[in-house]
Structure formats: structure tokens, C-alpha cells
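No hydrogens, no waters, no symmetry mates; every other heavy atom, side chains included, goes into these values.
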Protein chains: 2
Amino acid sequence: MSAKEQDKAIELERSLGVAAVVGKSLSDENRLRILLSLCNGRKTVSTIVEEMNLSQPLVSHHLKELRRCLLVKVERKCLIVYYEIADERIIDIVRRLAHLATDLLSQRDTF
Amino acid sequence: MSAKEQDKAIELERSLGVAAVVGKSLSDENRLRILLSLCNGRKTVSTIVEEMNLSQPLVSHHLKELRRCLLVKVERKCLIVYYEIADERIIDIVRRLAHLATDLLSQRDTF
DNA sequence: TAAATATATAAAGGTATACTGATGTATTGA
DNA sequence: TCAATACATCAGTATACCTTTATATATTTA
């Protein structure tokens with residue numbers, strides 16, 4: 001490994017703490033569903049609640065968690081609150097995760 | 001959205017359950033460290049324990065979790081057990097996650 | 001056979017998290 | 001001002017999860 005690659009590896013290791021924090025967002029199916037539902041633009045909380053078929057407090061709870069990890073941005077327009085994806089790369093990661101999980105599972109019956 | 005794209009979207013949605021199971025593996029810093037430490041080939045449990053500076057039962061516990069999600073493969077050679085990455089794509093995902101998390105965090109102080 | 005090695009598992013504690021039901025807050029409209 | 005709307009928060013419960021300490025199992029070696 002070159003000195004430059006070594007530096008990169010160390011930098012990567014250092015970021016695993018924050019990576020795990022963001023990774024926790026990907027550990028819940030409802031949050032993944034919310035993230036994907038936001039991939040075509042911002043939505044209001046009510047819209048998400050209807051689409052997800054989850055209780056409003058539960059959706060609020062998960063949105064708060066996604067906000068905490070900076071994965072979504074909020075925009076208030078008086079009574080209505082819009083949520084949107086903060087960084088499109090998270091969608092890409094979710095897609096890769098889903099593909100990988102599907103492939104892994106196809107070799108087995110269940111996790 | 002074309003009919004084909006629509007099919008893909010539905011397929012993706014269906015896989016979010018298993019995606020969340022695998023995602024849970026990415027929610028713990030120690031597991032991320034173990035995964036990355038395996039990216040250059042198989043290692044024994046003892047080696048991982050030394051490298052991670054974690055207790056042996058704790059490493060076993062996390063390896064068990066990674067096994068459950070099929071992210072690592074096991075190979076026994078008598079007393080010694082080797083663990084290795086089951087699918088290289090997981091390393092790619094961890095890298096992307098780490099980069100994204102670092103970038104998101106750089107816009108803030110803390111999660 | 002006894003000790004040492006490599007790994008897994010069990011028990012227990014403490015914290016975190018998902019979820020529900022109830023309530024709070026702020027804004028809009030009648 | 002009163003009711004309705006949109007969203008957040010709180011209290012409570014149940015479960016899951018990380019971690020430690022102790023112990024079990026299997027294999028090798030003396």
C-alpha cells in the first residue's frame with residue numbers, strides 16, 4: 001500500500017464512527033421507505049403519512065431521526081412542513097444496499 | 001415513469017425489508033471496522049480481536065451478526081476459524097457511507 | 001490424561017429504539 | 001373566537017441491542 005493509500009485508509013477508519021450514525025438510519029424499513037419516497041422531490045408530513053400508511057407520530061419520529069443524521073432537509077411554509085433528501089447519494093446507497101440484500105438472500109431462505 | 005421503471009421501483013420497495021436487515025449491520029462502528037479489516041482477505045477471530053482491540057466474546061458476537069446477514073463467510077480449519085467478506089459490494093457501500101457521513105458532518109458540528 | 005489454545009455461548013445489565021395513544025402548539029378559516 | 005388542520009412532543013411499554021463476565025466446547029500439545 002502506498003503512502004497515499006495508507007492515508008486514505010486511515011481517513012476512512014476515522015470516519016467509521018459517523019458512518020455508523022448514518023448507517024443506523026438504514027437499519028429500519030420504515031425509514032428506508034420514507035427516504036425512497038422522497039427521492040422524487042420534497043413532500044409534506046401528511047403526504048408521507050398517507051403514502052406510508054403509518055401513524056403521524058411514528059412518521060414524525062423517523063423524520064426527526066433522519067434530520068438528526070442530516071439525511072433530510074426541512075422547509076416550513078406556515079402550517080405545512082416539507083421534507084426533502086439532503087444528499088442524493090443516500091438514495092444510491094439505499095439502492096445498492098437493497099440489491100445486495102436481495103442477492104444475498106436469494107442464496108438463502110431467511111436472514 | 002415507464003412500465004419497466006415502475007416494475008423496478010416496486011421490486012426495490014419489496015426489498016426494503018431485507019435491506020434494513022443488512023443495513024442494521026452498518027449501524028455499529030465495531031462491525032464496520034471488522035468489515036473493513038476483512039477487505040484484504042480472510043482473517044482468524046484472534047487476529048480480528050487483536051486488531052480491533054475488543055474482547056473476544058464481543059468480536060464473536062459481531063461476527064455472528066455479520067454471519068446472520070450473510071455478509072461474511074466462515075471457514076473452519078480445526079481449531080482456527082477464518083472469516084472473510086462474502087460479497088465485495090458491502091465494502092463499496094461502507095466506503096460510500098463513510099464519505100457521505102463525513103461530508104454531511106462537515107456541514108455541522110455533531111450528529 | 002492434563003493443560004493450553006481458539007472460539008462460541010450464556011447470563012445479566014443497561015441503554016436505546018420502535019411504536020401507540022394522548023396532548024400540545026401554531027396557523028388557518030368560518 | 002371557535003373549530004379544524006398540520007405537525008411535534010410526551011409518557012409509557014415492549015423489545016432489541018451492546019457490552020462484560022463467566023463458562024462451555026473442541027482441538028492441539030505436552
[N] phosphate, OP1 or OP2, under 4.0 Å from [X] side-chain N/O:
X        : N       : value
His62(B) : dC17(D) : no
His61(A) : dT9(D)  : no
Lys64(A) : dA8(D)  : no
Arg31(A) : dA18(C) : yes

Residue from Glu75(B), Glu84(B), Glu51(B) passing salt bridge (charged side-chain N to carboxylate O under 4.0 Å, His left out) with Lys43(B)
Glu51(B)
I need the [atom1]-[atom2] distance between [X] and [N], as an integer number of Å.
X        : N       : atom1 : atom2 : result
Leu63(A) : dA18(C) : CG    : C1'   : 14 Å
Met52(B) : dT19(D) : CE    : P     : 13 Å
Glu75(A) : dA6(D)  : CD    : P     : 18 Å
Lys77(A) : dT28(C) : NZ    : C1'   : 16 Å
Arg68(A) : dT17(C) : CZ    : P     : 7 Å
Lys24(B) : dC18(D) : NZ    : C1'   : 13 Å
Leu26(A) : dT17(C) : CG    : P     : 14 Å
Leu66(B) : dC18(D) : CG    : P     : 10 Å

Ranking Asp28(A) and Leu79(A) by the position along DNA chain C of their nearest nucleotide, the one closer to 5' is Asp28(A)
Identify whether the distance between the nearest side-chain nitrogen and carboxylate oxygen of Glu5(B) and Lys8(B) falls below 4.0 Å.
no
Answer yes when Lys24(B) and Asp28(A) have at least one side-chain N-carboxylate O distance shorter than 4.0 Å, and no when they do not.
no
Test for a donor-acceptor pair under 3.5 Å between the base of dA8(D) and the side chain of Gln56(A), counting only N and O atoms.
yes
With nearest nucleotide decided by heavy atoms, which residue, Ser55(B) or Glu65(B), maps closer to the 5′ end of DNA chain D?
Glu65(B)
CD (Glu13(A)) and CG (Leu16(A)) are apart, to the nearest 0.5 Å, by 6.0 Å
Where the side chain of [X] is defined as all heavy atoms beyond and including C-beta, which of [options] is the nearest nucleotide?
X        : options                  : answer
Leu58(A) : dA18(C), dT9(C), dT28(C) : dA18(C)
Val45(A) : dT28(D), dA8(D), dT19(D) : dA8(D)
Pro57(A) : dC17(D), dG21(C), dA6(D) : dG21(C)

For a quick check of understanding: with a heavy-atom distance under 4.0 Å over all strands, which category does Tyr83(A) fall into, base, sugar-phosphate or nothing?
sugar-phosphate
Note, Ile48(A) side chain near Leu38(A) side chain (heavy atom, < 4.5 Å)
yes
